[in-house]
S.K.: 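Next up is a structure, given as structure tokens.
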Amino acid sequence: MVVHTRFAPSPTGRLHLGHAFSALQAHDFARSAGGRFTLRIEDIDGTRSRPEHVAAIRADLQWLGLVWDGEVSFQSQRLALYDAALDRLRGMGLLYPCFCTRADIAASLAAPHGPEGALYPGTCRALEAPDLSRPHCWRLDMAKALEIGSGEDLSWHDAFAGWVRADPAAQGDVVLARKDAPASYHLAVTVDDAAQGITHVVRGIDLFEATHVHRLLQALLDLPTPEYRHHALLTGPDGTRLAKRHGAPTLEALRRAGEDGAALAEQLRAGQLPIGFAAAQA
Ligand code: GLU
């Protein structure tokens, strides 16, 4: 098997050190196995994605010395694949249109909570005659999906966490096609990882919970399950996950300030925060 990993940033902002760390993990894992490394731009969210962020992402990765194989892929050019997956799930009776706004959901006092916040209370699950001319998203009927999907052993293997049994029920009726975008993160990433032949999904542990849903979608759509490597997140000097409040410069700012990208990559590989970052803290 040829190892194939990907780095899949959303071009909704400039990359920061946490992204560099994650890209390095995915790149180096593939290279150490003589495998392939793909760059996939997750620009499904047309309102927040910007071409100038895509340009910066390419320049940042090149500056770090990371070379991807083949053409860069863009989710915005792969919508037919997501449509086909949605049609299939719809045909299985597993999707329903939902008209609720965020405020509706928040106002529903009965809404139980899952790992990602308020769970959808199911208001639109059994509408008699939904009016599809009104803005709506499409949700997965989790209970029904589990009846079908759990005919298969729903587990996945993570290089750090070991075997994990998927528990997607805890996330409720997740959105698979958004009101404002033709697919959701969960759907697009699962379809793409399979379609692109990704063998190892290397990403931050902040996306670990999402994998419960991805594993169920793989079962429903007859897709292979890759190996996962949910890596630890880069932390700031106070030991907490690196975030905006740490004031870390973007990769672009470091690049434009004349910092050495290859040296930065080496520091990150050694688990050290780079000099530019340390200076920003002082
Ligand atoms: N596009 C996602 C993000 O930027 C990452 C997707 C993934 O690695 O699964 O957070």
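Residue numbers run from 1 in the order of the sequence given. Ligands are counted one by one from 1 in listed order, and the atoms in each one are counted from 1 as well. Everything quoted here is computed from the prediction, not taken from an experiment.
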S.K.: Within the structure provided, determine whether I41 and S73 are in side-chain contact (heavy-atom separation under 4.5 Å).
M.R.: no
S.K.: Looking at residues at least two apart in the chain, or sitting in another chain, which of them share a ring-ring contact (aromatic ring centres under 6.0 Å, His included) with H186?
M.R.: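 In terms of ring-ring contact (aromatic ring centres under 6.0 Å, His included), with neighbours along the sequence ignored, H186 is linked to H214.
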S.K.: Select all protein residues for which some heavy-atom-to-ligand 1 distance is less than 4.0 Å, and list them by chain and number.
M.R.: R6, A8, P9, S10, E42, Y185, V189, R203, L207
S.K.: Any Lys/Arg nitrogen of D45 or R48 sitting under 4.0 Å from an Asp/Glu carboxylate oxygen of the other?
M.R.: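 Result for this pair is yes, salt bridge flagged.
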S.K.: Hey, is E252 close enough to R256 for a salt bridge, meaning N to O under 4.0 Å?
M.R.: yes
S.K.: Determine, step by step, whether L89 and L187 satisfy the side-chain contact (heavy atoms from CB on, under 4.5 Å) criterion, reporting the C-alpha distance in whole Å, the side-chain angles of both residues, the deciding distance to 0.1 Å, and the verdict.
M.R.: CA-CA 11 Å; L89 295 170; L187 184 86; 4.2 Å; yes
S.K.: Does the pair R78/D83 count as a salt bridge with the N-to-O cut at 4.0 Å?
M.R.: no
